[in-house]
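Accompanying notes for the structure given below.
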Amino acid sequence: MDAEGFGELLQQAEQLAAETEAVSELPHVERNLQEIQQAGERLRSRTLTRTSQDAADVKASILLGSRGLDIFHISQRLESLSAATTFEPLEPVKDTDIQGFLKNERDNALLSAIEESRRRTFLLAEEYHRESMLVQWEQVKQRVLHTLLGAGEDALDFSQDVEVQDALPKGDHPRKFIFTEKESIYIFNEKIVNGHIQPNLGDLCASVAESLDDKNVSDMWLMVKQMTDVLLVPAKDTLKSRTSVEMQMAFVRQALGFLENSYKNYTMVTVFGNLHQAQLGGVPGTYQLVRSFLNIKLPGPLPGMQDGEIEGHPVWAVIYYCLRCGDLNAAMQVVNKVQHQLGDFKTWFQEYMNSPDRRLSPASENKLRLHYRRVLRNSADPYKRAVYCLIGKCDISDNHGEVADKTEDYLWLKLNQVCFDDDGSSSPQDRLTLPQLQKQLLEDYGESHFSASQQPFLYFQVLFLTAQFEAAVAFLFRVERLRSHAVHVALVLYELRLLLKSSGQSAQLLSQEPGDPPMVRRLNFIRLLMLYTRKFESTDPREALQYFYFLRNEKDSQGENMFMRCVSELVIESREFDMLLGRLEKDGSRKPGVIDKFAGDTRAIISKVALEAENKGLFEEAVKLYELAKNPDKVLELMNRLLSPVIAQVSAPQSNKERLKNTAVAIAERYRSQGLAGEKSVDSTFYLLLDLMTFFDEYHVGHVDRAYDVMERLKLLPLSQDSVEERVAAFRNFSDEVRHNLSEVLLATMNILFTQYKRLKGAPAGTPGRPQRTIEDRDMVSNQLYYYYYYYYCYCYYYSTAQPGKSTHHLRWYDSLQHGRGHKRETGADGITDELRLRQHATARAHTHTHTHTVSFWRHNHTHIFICLPFCCIGYNIHQRVNRYIFMSHLYFVGLFCFVPICCFTFVSLMIWNKKVYFKLPFYLKALTFI
């Protein structure tokens with residue numbers, strides 16, 4: 001069967017080959033085995049690339065399956081999800097299926113409510129998220145600003161982005177510290193102001209800190225108190241005093257004393273907390289305390305300890321901890337007990353103990369250092385190496401990490417190795433100066449090494465104990481919740497003259513000035529106080545004033561007293577004028593303010609504040625302040641500037657004019673009763689403006705007779721032909737405040753005369769014996785109107801020619817205003833066709849022209865106007881004379897016949913007199929309009 005099978009297969013192959021050969025369209029492919037293999041490889045590679053995605057899916061399935069995920073069920077759930085964006089019925093509803101339609105509508109309503117609720121929830125979540133981000137960003141910005149203040153532009157440190165939580169007490173609120181420290185500032189200033197002996201501000205703050213349940217704060221102020229308890233070296237400035245050898249040695253001694261006392265207290269707390277293990281006994285003293293402490297710290301024997309033991313403890317460990325507690329006598333007691341085991345150490349230690357500056361002689365120091373290099377450098381006893389490095393001040397590169405496992409221990413070791421005198425016998429590796437230690441701690445290690453963001457008190461202690469007061473204060477000031485402590489520490493240093501201040505107010509908070517020693521930093525004390533008080537000066541200006549009082553002896557770059565400057569800014573910002581500077585009573589006496597307690601001469605401070613208010617445009621406040629400072633000239637000058645724009649306004653309750661009027665009247669009454677007066681010109685202007693205000697008040701309420709009586713008593717305007725030139729000459733003596741209102745005065749007075757004229761014209765004759773009285777009064781009023789017209793144009797001429805430097809915009813504004821009012825008066829009572837109404841219309845038309853051409857017209861053509869005016873006045877007088885007699889005979893046209901020819905004759909004469917008639921024609925048209 002196998003042969004038959006192969007035979008059939010062969011037959012089919014031959015048949016297939018024959019059929020293939022029969023098809024001539026297909027090409028014949030002739031390849032050997034190698035070519036077929038290469039083609040197969042190419043096909044295989046194409047298949048692999050196509051299935052790479054499938055291979056990736058397989059690998060993903062294997063990975064997820066190894067994590068315990070059911071890939072099959074997850075795939076089914078993903079495929080069952082719908083991507084539909086709207087809710088639609090699962091089954092189609094027929095149009096006649098009412099029940100299904102209602103069911104779908106109900107479901108759609110519920111789903112719509114759910115969707116709306118979901119949308120609102122997302123919107124609220126986004127809004128809360130945005131607000132939270134804004135709050136966090138504000139906090140970040142504040143921290144960045146604080147970093148800029150402390151480090152400057154070239155050394156930005158953004159590592160302070162962690163909130164300081166561990167530094168805060170658990171039971172008290174941080175503001176409690178602020179209040180208590182402010183109380184100490186208040187007590188300190190009270191003692192100084194009242195002339196008592198100046199107390200120690202550091203003692204006050206330390207006593208306040210002891211009452212608080214916060215060990216960090218109390219220890220900080222105890223450290224500040226001890227570090228500042230030094231004798232000042234006489235010097236011209238603080239820099240020389242701070243950099244003197246005596247002062248630096250005193251700082252190192254105080255720092256070592258603080259660290260030794262702190263460690264002794266720590267050992268006592270440890271021992272008394274573990275009395276059973278400590279086995280305290282024997283004669284009370286440091287030696288027994290150290291022995292009990294070692295029972296807790298070193299309960300068993302340690303390998304590598306040398307020179308035996310004392311009462312079960314290593315000799316060098318006992319000596320080291322006696323030195324660490326600051327008791328040299330206890331250490332000497334141990335040395336005496338085992339002196340046969342220590343060799344020459346007893347001699348060296350006795351010399352070290354008797355030295356006032358804790359320093360061996362050069363010969364002994366060299367011997368000890370030589371012995372240390374040869375024998376002890378590689379010793380397995382860390383306590384022996386540490387004691388030798390302390391006594392001989394050698395091997396400063398060794399940090400003794402086996403013994404000094406805390407920052408305080410390391411700092412105590414390094415401060416003991418600091419040298420101040422250079423005898424030339426010490427090699428660089430055995431000499432450590434205080435500036436070198438300061439640079440190592442501040443610049444080489446820095447805040448990141450000490451985790452300053454989590455332990456701000458520790459880093460502040462490191463800087464402060466190495467006499468880097470300014471850098472310590474600047475760092476603590478950057479911590480928001482500890483800023484109050486930083487400011488008060490700076491105040492303590494400032495009062496003790498230990499603070500190095502920046503020479504300029506614009507300097508950074510912490511800066512280094514050219515010419516200073518390498519590790520000397522300066523603190524911008526003025527900027528520190530102003531930044532601190534900025535947060536509460538507007539809400540609590542009394543407290544801000546307490547801090548500004550420390551700047552009473554400081555001056556800015558212009559030589560201005562900083563206390564006065566800060567007080568003026570404080571008063572302007574807080575607007576607490578009465579509380580801070582005092583208040584003026586009705587009888588003229590001054591009620592004292594808070595500033596009276598801090599300054600003997602309050603007038604200078606009040607004058608300074610008043611000048612600041614005046615420069616900032618607060619004229620009403622400046623008036624009150626100048627009145628407090630007893631400066632009537634400035635009071636009246638500013639009141640004139642305030643009253644001038646409002647005297648012509650209509651009075652209304654609670655308006656600016658009413659308020660200024662009440663203030664001005666109160667000032668006038670007070671000055672009259674006290675006999676005070678300012679400069680003659682300013683004083684006369686003030687009372688004239690008050691009278692003009694009375695005039696306008698009477699005018700606006702319709703009391704024209706009272707207003708006219710006021711104007712008659714003021715003698716401001718001409719009431720007769722003889723007084724015109726006199727009033728024009730007196731106009732030159734008026735101040736600008738009066739001149740700017742003269743056009744309003746003229747307009748109001750003309751309206752008053754026009755009202756009187758209408759009333760007199762409509763009134764019957766008084767008595768048969770005096771039938772002409774009303775006519776004479778009316779003629780007098782008409783003549784006064786003419787005088788006012790003439791006076792007004794002289795007023796315009798004065799402003800356009802006599803004072804070319806003065807601004808004339810107010811003339812145009814007043815003319816525009818009068819033009820508008822003239823149009824309103826045209827709608828008055830009907831039937832009045834006399835010359836006064838014609839003149840009123842002519843005035844309104846004249847004001848239309850003067851709105852844009854008054855100044856230029858009078859400036860360039862005043863000569864022609866004054867040539868034309870006399871002729872026109874003659875014609876007008878003839879017209880008035882003729883009219884007086886012709887009025888009763890109703891021959892009015894005869895008066896016009898007498899007036900018009902004279903005006904025409906004048907006009908033609910001027911045209912003939914001027915050769916350039918064509919170019920001057922617009923001028924004559926204007927002249928006729930004005931006339």
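In this chain, numbering begins with 1 at the start of the sequence shown.
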Would a 4.5 Å heavy-atom cut-off, applied to side chains only, mark Val571 and Glu576 as touching?
no

Aromatic centroids of Tyr459 and Phe464 separated by under 6.0 Å:
no

Any chance the side chains of Glu408 and Ser262 put a donor and an acceptor closer than 3.5 Å?
no

Judged by atom type as modelled, is there a donor-acceptor pair below 3.5 Å linking the side chain of Ser607 to the main-chain atoms of Arg603?
yes

For Val520, does its backbone N or O pair with a side-chain atom of Asp516 as donor and acceptor, under 3.5 Å?
no

Applying side-chain contact (heavy atoms from CB on, under 4.5 Å) between Leu465 and each of Leu411, Val252, Leu441, Leu256, report the one that passes.
Leu411

When the aromatic ring centroids of Phe550 and Phe188 are compared, is their separation below 6.0 Å?
yes

Parallel under 30°, tilted from 30 to 60°, perpendicular over 60°: which one fits the rings of Phe293 and Tyr321?
perpendicular

Donor-acceptor contact below 3.5 Å, side chain Arg521 vs main chain Leu510:
no

Check for a donor-acceptor pair, side chain of Lys414 on one end and backbone N or O of Ile396 on the other, with a separation under 3.5 Å.
yes

Taking ring pair (Phe, Tyr, Trp, His ring centres under 6.0 Å) as the definition, give me every residue that meets it alongside Tyr549, ordered by chain and number, with sequence neighbours left out.
Phe563, Phe598

Does any non-hydrogen side-chain atom of Leu239 lie less than 4.5 Å from one of Pro517?
yes

Assess the side chains of Gln198 and Glu495: does a donor N or O sit below 3.5 Å from an acceptor N or O?
yes

Are the side chain of Asp327 and the backbone N or O of Leu323 linked by a donor-acceptor pair below 3.5 Å?
no

Kindly say whether the aromatic ring centers of Tyr547 and His488 come within a distance under 6.0 Å.
yes

Step through it carefully: locate the ring centre of Tyr263, locate the ring centre of Tyr266, and say whether they are under 6.0 Å apart.
yes

The criterion is ring pair (Phe, Tyr, Trp, His ring centres under 6.0 Å); which residues satisfy it with Phe525, sequence neighbours excluded?
Tyr494

